[in-house]
Undergrad: 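The following block contains the structure, expressed as structure tokens.
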Amino acid sequence: MRYSRFFLPTLKEVPAEAEIISHKLLLRAGMIRKLASGLYSYLPLGLRSLRKIEGIIREEMNRAGAQEVLLPLVQPAELWQESGRWDRYGKELLRLKDRHQRAYGLGPTHEEVITDLVRREVKSYRDLPLNLYQIQTKFRDEIRPRFGLMRGREFIMKDAYSFDVDDEALEETYQAMYQAYCRIFERCGLNFRPVEADTGSIGGHASHEFMVLADTGEDQIACCTSCDYAANVELAEVIHPSDHPDVRPSRPMTKVNTPGRRSVREVTEFLGISSDQLVKTLILIGDGRPVVALLRGDHELNEVKLRRSLGLEDLDLADSDTVQRITGAPIGFAGPVGLPGDLKIIADQDLFDLTDFVTGANEVDAHYTGVNWDRDVPRPEFADIRFITEKDPCPRCGGEIELRRGIEVGHIFKLGTKYSEAMGATYLDADGRERPIVMGCYGIGVGRTLAAAIEQNHDRNGIVFPRHIAPFEVIISPLNVKDALIVEAAEDIYNGLMAQGIETLLDDRRERPGVKFKDADLIGIPLRITVGKRLKEKNEVEIMDRATGKTISVPRDRAVEKTSEML
RNA sequence: CGGGGCGUAGCGCAGCCUGGCAGCGCAUCUGCUUUGGGAGCAGAGGGUCGGAGGUUCAAAUCCUCUCGCCCCGACCA
């Protein structure tokens with residue numbers, strides 16, 4: 001490709017809208033442009049990289065036995081009503097009507113469509129296993145799109161759906177997908193970690209997220225520094241010692257005046273206690289009913305864990321009026337003592353052995369000190385409902401936990417029979433019995449993978465593309481296009497590389513050397529061949545490695561050979 | 001949806017408080033010079049100041065409404 005004819009508008013300055021490095025560089029390198037919030041156009045350079053990633057995904061999916069399909073983006077509401085998600089999915093599902101007033105959703109994911117397809121065609125255990133995938137545009141009307149390709153409303157996703165006879169067979173498919181995902185992200189040049197994860201709105205029993213480690217990641221993950229345990233903090237278990245120390249109350253329960261002290265910090269400072277002596281009481285609404293969660297003052301409630309342990313669909317903090325109605329006091333003075341007996345109360349397991357603690361008195365400007373279980377307040381149900389911290393041990397090996405940030409580029413789920421049962425996707429087994437198909441689903445954010453790769457591979461001059469996803473493999477920079485010798489040499493090398501199938505960008509623009517160097521660095525092409533003064537002096541050209549900056553000089557007629565060796 | 005910020009030339013911004021010719025840098029176009037890290041000189045083009053309404057002799061500037069964009073929270077590939 002000749003740069004002078006290539007639609008590649010690079011920017012010297014960073015557009016004001018971009019915050020994180022991948023977004024800035026994608027814009028500056030002329031790879032994407034914004035149409036509206038969460039909606040981006042891919043320009044030729046960006047599309048080339050995107051296609052590289054898609055290519056890697058296709059190869060690995062096909063190798064793992066999956067087959068590519070292409071499903072409609074517009075999906076009839078009836079299908080979503082069958083699975084029950086028409087009502088449950090929420091506003092991320094963009095709903096629209098056609099001219100006949102029939103309702104449709106713009107596909108945020110394709111479980112319903114694929115299950116419908118498969119239930120019509122698959123009748124026998126002989127047809128299984130089956131694994132179908134597509135690479136296609138998804139639409140999710142996100143509450144807050146941000147960070148360029150990182151969280152768009154319209155985005156490109158690879159989604160795969162597997163169909164197996166039973167859980168055992170699903171396990172095998174799941175492992176094959178797990179391995180395929182590892183290979184995909186390795187080939188994309190990413191430093192990533194597979195982590196145990198929550199299943200969210202997709203449903204199912206087990207799942208792993210593939211996290212690219214980056215400080216700008218939106219997710220937090222807990223990694224063990226000794227073993228290979230890693231989990232999304234939403235899920236990471238907190239281990240509670242099983243041997244309980246023999247502890248007894250040592251102080252009477254006393255009501256104290258705490259004027260205007262609401263937050264953990266205000267109360268603990270006022271009373272001169274540490275925050276692990278305080279039990280904070282959070283009022284939530286779970287599936288329409290109030291739930292009280294108790295936690296140590298220095299711990300944070302993990303709503304995902306609470307939701308899972310209570311088997312709730314929906315969970316939210318209660319508003320101030322509800323808190324007032326339930327506890328009889330404004331926010332900041334709630335406590336377990338004297339709450340109505342029929343109220344669902346759940347305490348974090350770390351409170352089990354706590355004695356002489358402080359809580360709100362369900363009365364404005366008052367707390368209790370010296371509160372103890374059994375004596376002052378009945379023991380509630382205990383469960384692991386808080387976030388893991390770096391002070392907690394690894395739940396697998398007891399080692400040290402490190403909290404890191406990650407970008408979720410892939411997510412795999414064991415769905416089980418959730419969709420097949422709801423939608424009647426069954427097969428006949430060898431004994432002629434009708435059984436539900438056991439499903440799995442597997443997603444990769446393709447654009448997000450590109451953004452994550454840039455997030456992890458850049459320097460102050462621009463992108464440093466991993467080889468396999470670079471838009472071009474080589475850029476040739478003839479430094480003076482008015483010099484016939486230089487132009488001729490550059491053209492020769494260009495033709496030589498193209499003849500070998502090496503994707504090459506020839507910077508034939510009438511620009512000064514500095515401009516060409518800056519643009520080449522910005523767009524991050526792995527190898528740059530400089531044709532300049534050394535050609536005239538020694539008949540040599542230079543090959544520079546973008547990642548290391550290392551440069552070698554080679555005779556002009558060996559440039560093609562040497563370059564292809566270096567790739 | 002709640003909180004914060006921003007809309008002025010393609011991009012980055014100043015001007016707004018205190019109303020009075022719409023500006024700067026980069027980019028673009030022409031010519032000459034220059035050619036190893038975002039060149040120099042000379043010239044040129046480009047604006048409904050996000051939109052609507054209002055106040056005023058006069059509005060980018062003040063007021064009201066509205067639309068869009070970005071950041072922080074809940075959602076997710």
Side-chain angles (χ1 to χ4, degrees), chain A residues 9-20 23 27-28 30 33-39 53 57 89-93 108-110 135-160 181 197-202 207 209-212 218-219 232 234 303-304 314-317 319 406-413 441-452 461-462 477-483 486 509-522 528 530-537 541-542 544 549 551:
Chain A
T10 59
L11 304 171
K12 272 195 208 176
E13 285 175 289
V14 188
E17 72 201 39
E19 189 78 7
I20 65 169
H23 190 194
L27 288 166
R28 285 194 54 210
R33 286 293 183 266
K34 185 178 71 185
L35 175 65
S37 180
L39 305 175
I53 296 171
I57 292 172
Y89 203 90
K91 290 186 180 166
E92 279 74 36
L93 175 60
T109 172
H110 283 65
I135 296 175
Q136 185 229 28
T137 295
K138 296 282 182 276
F139 192 91
R140 293 182 190 173
D141 198 359
E142 294 279 349
I143 304 164
R144 182 147 89 88
R146 61 181 149 178
F147 300 151
L149 295 186
M150 212 59 98
R151 179 182 296 280
R153 290 191 293 171
E154 185 175 312
F155 62 101
I156 296 170
M157 178 159 119
K158 187 286 298 179
D159 47 326
Y181 271 45
D198 181 44
T199 52
S201 65
I202 306 288
S207 85
E209 289 167 332
F210 289 77
M211 292 286 188
V212 169
E218 293 183 276
D219 288 274
N232 194 307
E234 291 177 343
E303 290 188 27
V304 170
D314 185 64
L315 186 68
D316 251 316
L317 276 173
D319 59 38
I407 300 164
E408 183 192 351
V409 291
H411 199 163
I412 61 178
F413 301 80
C441 79
Y442 317 89
I444 292 178
V446 185
R448 185 182 282 182
T449 300
L450 173 58
N461 294 316
S477 307
L479 296 187
N480 184 348
V481 294
K482 285 189 181 169
D483 186 318
I486 287 175
R509 294 176 300 167
R510 298 176 57 146
E511 291 288 353
R512 293 166 51 85
V515 174
K516 296 191 175 191
F517 290 150
K518 289 289 184 189
D519 277 334
D521 286 350
L522 177 62
R528 186 184 80 203
T530 310
V531 186
K533 66 182 178 198
R534 293 186 79 97
L535 181 82
K536 317 203 76 159
E537 291 163 2
V541 300
E542 287 143 275
M544 189 188 88
T551 305

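Everything numeric in this text was worked out from a predicted model, so none of it was measured. Note on naming: letters A, B, ... go to the chains in the order of the sequence lines (proteins, then strands), and numbering restarts at 1 for each one.
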Undergrad: Would you list the pairs meeting side chain to side chain donor-acceptor pair (under 3.5 Å) in which at least one residue belongs to residues 441-452 of chain A, sequence neighbours left out?
TA: A:S162-A:Y442

Undergrad: What is the nucleic acid contact for A:V409, judged by heavy atoms within less than 4.0 Å: base, sugar-phosphate only, or nothing?
TA: sugar-phosphate

Undergrad: Does A:V14 reach a base, just sugar-phosphate, or nothing at all? Heavy atoms under 4.0 Å.
TA: sugar-phosphate

Undergrad: How is A:G410 classified with respect to the nucleic acid when contacts are heavy atoms under 4.0 Å: base, sugar-phosphate, or nothing?
TA: sugar-phosphate

Undergrad: Can you find an N or O donor on one side and an acceptor on the other, under 3.5 Å apart, linking the side chain of A:D519 with the base of B:G38?
TA: yes

Undergrad: Determine which nucleotide pairs with B:A22, using a 3.5 Å limit on both distances of a Watson-Crick or G-U wobble pair.
TA: none

Undergrad: So do the side chains of A:K138 and A:D159 get within less than 4.5 Å of each other, counting heavy atoms only?
TA: yes

Undergrad: Closest-nucleotide mapping onto RNA chain B: is A:R151 or A:L535 further toward the 5' terminus? I mean the 5' end.
TA: A:L535

Undergrad: Using purine N1 to pyrimidine N3 plus N6-O4 or O6-N4 for Watson-Crick, or N1-O2 and O6-N3 for G-U wobble, each under 3.5 Å, what pairs with B:A59?
TA: none

Undergrad: Spell out protein contact along nucleotides 42-47 of chain B as letters: B when the base is contacted, S when just the sugar-phosphate is, - when no protein heavy atom is under 4.0 Å; keep the 5' to 3' order.
TA: ------

Undergrad: Taking NZ, NE, NH1 and NH2 as the nitrogens, is one of them in A:D141 or A:K91 under 4.0 Å from a carboxylate oxygen of the other?
TA: no

Undergrad: List, with names and distances, any nitrogen or oxygen atoms from the protein found under 3.5 Å away from nitrogen or oxygen atoms belonging to nucleotides 27-33 of chain B.
TA:
none

Undergrad: Quick one: does A:F517's side chain get under 4.5 Å of A:N461's, heavy atoms only?
TA: no

Undergrad: Kindly write out the residues that satisfy ring pair (Phe, Tyr, Trp, His ring centres under 6.0 Å) with A:H110, not counting sequence neighbours, or none if the list is empty.
TA: none

Undergrad: Mind checking the P distance from B:G43 to B:C24? Whole angstroms is fine.
TA: 14 Å

Undergrad: Classify A:R33 by what it touches in the nucleic acid, base, sugar-phosphate, or nothing, heavy-atom distance under 4.0 Å.
TA: nothing

Undergrad: Contact class for A:D219 (heavy atom, under 4.0 Å): base, sugar-phosphate, or nothing?
TA: base

Undergrad: Determine the contact category for A:G152: base if any of its heavy atoms lies under 4.0 Å from a base atom, sugar-phosphate if only primed atoms, P, OP1 or OP2 are that close, otherwise nothing.
TA: base

Undergrad: Return whichever of A:N480 or A:M157 has its heavy-atom-nearest nucleotide of RNA chain B closer to the 5' end.
TA: A:N480

Undergrad: Suppose we screen for side chain to side chain donor-acceptor pair (under 3.5 Å). Which residues come up paired with A:K158, at least two apart in sequence or across chains?
TA: A:Y181

Undergrad: Base contacts versus sugar-phosphate-only contacts with protein, heavy atoms under 4.0 Å: please encode nucleotides 67-73 of chain B as B, S and - from 5' to 3'.
TA: --SSBBB

Undergrad: To the nearest Å, how far apart are A:E408 CD and B:A77 P?
TA: 5 Å

Undergrad: Using a cut-off of 4.0 Å on non-hydrogen atoms, how would the nucleic acid contact of A:E234 be classed: base, sugar-phosphate, or nothing?
TA: nothing

Undergrad: Can you sort out the partners of A:K536 under salt bridge (charged side-chain N to carboxylate O under 4.0 Å, His left out), two or more places apart, ordered by chain and number?
TA: A:D483

Undergrad: Mark yes or no for a side-chain to base donor-acceptor pair under 3.5 Å between A:R509 and B:G38, with no hydrogen or angle criteria applied.
TA: no

Undergrad: A:F155 CZ to B:C76 P: how many Å, rounded?
TA: 12 Å

Undergrad: Under the salt bridge (charged side-chain N to carboxylate O under 4.0 Å, His left out) rule, collect the residues that match up with A:R28, sequence neighbours excluded.
TA: none

Undergrad: Between the base of B:G38 and the side chain of A:E13, is there a donor and acceptor pair under 3.5 angstrom?
TA: no

Undergrad: Counting distance alone, no hydrogens or angles: does the base of B:C76 have a donor or acceptor under 3.5 Å from a partner atom on the side chain of A:R140?
TA: no

Undergrad: Do the side chains of A:H23 and A:E17 get nearer than 4.5 Å, heavy atoms only?
TA: yes

Undergrad: Can you name the residues that form a side chain to side chain donor-acceptor pair (under 3.5 Å) with A:R512, not counting sequence neighbours?
TA: none

Undergrad: Quick one: list whatever passes salt bridge (charged side-chain N to carboxylate O under 4.0 Å, His left out) with A:K518, sequence neighbours left out.
TA: none

Undergrad: Of all residues at least two apart in sequence or in a different chain, which pass the salt bridge (charged side-chain N to carboxylate O under 4.0 Å, His left out) check with A:D219?
TA: none

Undergrad: Categorize A:G445 for me: base, sugar-phosphate, or nothing, with a 4.0 angstrom heavy-atom threshold over every strand shown.
TA: base

Undergrad: Applying side chain to side chain donor-acceptor pair (under 3.5 Å), name anything that partners A:E142, two or more places apart in sequence or on another chain.
TA: A:R151

Undergrad: If you go through the side-chain atoms of A:D521, does one of them form a donor-acceptor pair with the base of B:G37 closer than 3.5 Å?
TA: yes

